Amino acid sequence: MSCKKSYITTPIYYVNDVAHIGHAYTTIIADTLARYARLIGEDTYFLTGTDEHGQKIEESAKIRGREPQEYADEISGKFRDLWDEFDISYDKFIRTTDVDHKKGVQKAFSVMHKNGDVYKDTYQGHYCISCETFFPELQLVDGEFCPDCGKSTSVVEEESYFFKLSAYEDRLLKWYEENPNCILPKSKRNEVIRFVEGGLNDLSITRTSFDWGVKLPSEFNEPKHVMYVWLDALMNYITALGYGTDDKNMDYWPARVHLIGKDILRFHAIYWPAFLMSLDLPLPKHIGAHGWWTRNGEKMSKSKGNVVNPKEVADAYGLENFRYFMLREVPFGGDGDFSQRALMDRINSDLGNDLGNLLNRLIGMSGKYFEGRVESELVSKYYQAELDEVQTYMDKLEPFIFELQLHRFLEELWRPLTVANRAIDKYQPWTMIKEGKTEETMALNGLIATILAKVSLMLHAVMPKTTTIIIEALGFEVTTENFEKYIRNNEILSPFTITKRDPLFPRIEEELLVDARLEAIKKEKEEAEAKKAKLKEAKKNGTTTEGVALIGIDQFFQTSLKIGTVVQAEEVVKSKKLLLLQVDIGEEYNRQVVAGIKEWYSAEDILNTQVCVVANLKPAKLMGMKSEGMLLAAKDADGLCLIRPEKPKTNGTPIS
Ligand code: ME8
């Protein structure tokens with residue numbers, strides 16, 4: 001399945017949000033393919049970028065009080081910075097606001113029109129801004145909500161140009177049939193076929209309801225229309241190669257693989273090939289749709305606070321460990337769950353025990369018995385069976401990569417490591433050396449080095465820096481020539497002296513990322529438990545949870561509480577706190593109450609208002625003045641307020 005030119009793409013990401021683990025996943029798969037293609041000597045072009053037009057972006061910018069271009073510049077820059085930090089080996093980072101891209105889209109529009117595939121009409125439909133897609137009424141959930149994302153749709157009626165998608169049904173079905181691997185995994189191809197067999201409507205490809213998009217070519221004289229964002233976006237795969245401008249890199253076309261998530265398969269597997277047919281361009285070799293990442297079994301969303309930030313994971317666990325984990329953990333096309341436990345297990349077990357330890361064992365054995373020297377000349381004399389076994393595994397590997405079965409690729413790649421670790425346990429070099437079997441021991445070291453060399457070369461695209469360290473320790477370099485030599489031609493390693501080095505995968509014992517959501521759940525649980533314990537304690541002691549003794553109803557009624565009206569109020573001049581009040585509580589004389597409320601109420605505020613009075617308190621003296629009651633009040637950090645009846649009540653009404 002090898003071809004000379006390899007053009008590999010990621011989706012271009014919307015600039016309405018920053019990158020998360022899903023974006024990183026697609027990009028890392030694409031980067032792995034691109035690195036592998038380069039290593040085996042293919043002329044490779046790897047494209048990624050950002051999708052910056054459309055109503056969704058325009059609204060995101062507006063909400064933040066920004067101009068769309070300025071906002072897009074910022075978020076696009078963040079994507080690019082992240083990919084640079086992640087060492088993503090892209091050859092071009094395209095932005096749909098690039099002038100050349102816009103020219104290319106206009107050219108494509110004109111060509112499709114010239115070829116009779118574009119016509120003008122009016123459109124009425126239910127539009128989901130979030131998905132930038134029209135949906136027929138029948139597909140809406142409860143007659144209103146988007147079947148893809150669940151958000152509310154709006155009815156849009158506008159003049160629009162249409163693409164004759166319906167005319168491509170048969171040709172699309174023929175393409176799927178004649179190219180069983182055009183959509184990977186194959187199960188997804190069946191879904192697409194069923195969808196197309198259900199019938200295709202023509203596609204509205206311009207909008208007049210907003211203007212943040214590529215304008216139509218000037219010859220159309222349609223200043224109100226902008227291109228539909230998916231037409232604009234899909235074209236990036238050819239405008240990046242110079243379509244519509246200098247055609248400079250069009251010889252990379254058709255793409256070897258468009259990597260995407262399953263959410264955007266329909267656009268790539270139906271609209272895109274139809275557009276390409278209309279443009280008389282060849283169709284991509286593969287469209288690879290991967291599954292969805294969840295976190296601890298749940299969909300990731302900002303509101304749940306469980307979105308995995310790829311940079312945080314890479315910082316905590318190591319970028320290349322993270323790459324390995326993502327590619328190894330889930331079968332391509334299936335959904336995957338991100339859990340730190342699973343990531344730690346992969347690092348400690350696959351990387352630490354199987355790979356890292358093997359290098360340590362080689363360093364240890366060659367250091368102890370041969371001053372670090374490793375020679376492979378005699379490997380086949382003593383360990384031909386092991387070499388043969390390894391070779392059968394190695395021969396099967398490459399197709400897994402280009403069929404996007406990266407989890408299988410890594411699974412199979414670990415078999416030679418098992419052969420190596422098993423050989424050490426079986427032949428016991430420490431015994432052999434004691435028995436004077438020096439040649440056999442050296443050959444065993446040669447076997448381990450040979451297996452490590454082969455595995456590291458094959459693993460290089462997944463873990464470039466780590467494998468470079470291993471390969472350099474084995475005395476050679478990562479080059480296409482060496483790939484040919486050691487993988488394709490099965491040559492033996494030249495003798496070399498290994499140097500001691502720190503373990504590549506130090507053991508990880510505890511979760512390194514603070515999981516905000518789990519922390520919140522833990523805190524909630526702890527609080528609930530503390531509350532329960534307090535209640536239990538209170539029950540036992542016959543108190544409230546604050547330790548106040550419980551009383552019976554008869555005890556409560558020993559307190560006489562009454563509604564009263566303040567009929568006279570004056571400030572106690574010498575006191576900062578006290579007001580002197582006369583309160584009518586329905587008795588023949590008014591009660592004098594000295595109340596400590598001056599900080600919050602003036603005499604004027606309280607005069608002629610109703611209050612609640614404790615009427616059977618023994619009189620007391622405050623600053624020499626008699627007080628024959630107390631007002632009910634509540635005081636917290638914000639200050640004090642009086643407790644009053646909600647509606648006017650007759651003075652003296654008992655409170656119960
Ligand atoms: O759709 N799990 O951009 P986008 C796995 N601009 N992958 C995920 C994911 C998740 N939870 N969430 C997102 C667009 N992805 C368009 C593309 S291409 C011409 C235009 C990945 O920013 C996945 O690859 O919404 C998905 O296809 C892509 O991000 C969508 O990115």
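Quantities reported herein were computed from a predicted structural model and do not represent experimental measurements. Whatever order the structure lists them in is the order used to number ligands and atoms, beginning at 1. Residues: numbered from 1 along the sequence shown.
Below 30°, between 30° and 60°, or above 60°: for F109 and F220 the angle between ring planes is above 60°, a perpendicular geometry. In this structure, F332 and H290 have perpendicular ring planes: the angle between them is above 60°, well past the 30° mark.
Ligand 1 lies out of reach of Y25, whose nearest heavy atom is not under 4.0 Å from it.
Against a heavy-atom cut-off of under 4.0 Å, T26 is close to the following atoms of ligand 1: 21 (C), 23 (C), 24 (O). In summary, the atoms of ligand 1 found under 4.0 Å from a heavy atom of I264, numbered by their order in the structure, are 1 (O), 17 (C), 27 (O). Short contacts between ligand 1 and W293, defined as distances under 4.0 Å to a heavy atom of the residue, involve ligand atoms 2 (N), 5 (C), 10 (C), 11 (N). Listed by number with element, the atoms of ligand 1 under 4.0 Å from a non-hydrogen atom of A233 are 19 (C). Of all atoms in ligand 1, numbered sequentially from 1 with element shown, those under 4.0 Å from a heavy atom of G291 are 5 (C). Near D51, meaning under 4.0 Å from any of its heavy atoms, are these atoms of ligand 1: 6 (N), 16 (C), 20 (C).
Looking at atom 3 (O) of ligand 1, its nearest protein heavy atom turns out to be Y14 CD1, 3.3 Å. At the shortest separation from atom 17 (C) of ligand 1 among protein heavy atoms lies I12 O, 3.2 Å. Of all protein heavy atoms, the one closest to atom 8 (C) of ligand 1 is G22 CA, 3.3 Å.
Considering each of I260, T50, D263, the one bringing a non-hydrogen atom nearest atom 27 (O) of ligand 1 is D263. In the candidate list H290, H23, H20, K262, H23 is nearest to atom 29 (O) of ligand 1, counting heavy atoms. The heavy atom nearest to atom 18 (S) of ligand 1, considering only Y237, Y13, F267, is found in Y237.
In the model, D337 has a side-chain atom that pairs as donor or acceptor with a side-chain atom of T294 under 3.5 Å. Checked by atom type, the side-chain pair D51/Y13 shows no donor-acceptor distance below 3.5 Å.
Here the closest non-hydrogen pair linking T96 and I12 is CG2-CD1, 3.5 Å. Among all heavy-atom pairs drawn from I57 and N16, the shortest one is CD1-N, 3.8 Å.
Rounding to the nearest 0.5 angstrom, the gap separating the OH atom in Y324 from the CG atom in L343 is 11.5 Å. The structure places CG of L47 at 11.5 Å from CG of L259, a figure rounded to the nearest 0.5 Å.
The shortest distance between side-chain heavy atoms of S6 and D43 does not fall below 4.5 Å.
With hydrogens and angles disregarded, no donor-acceptor distance shorter than 3.5 Å links the side chain of H101 to the backbone of M235.
Looking at ligand 1, you'll find an N or O of G261 within less than 3.5 Å of one of its N or O atoms. The shortest N or O to N or O distance between H268 and ligand 1 is not below 3.5 Å.
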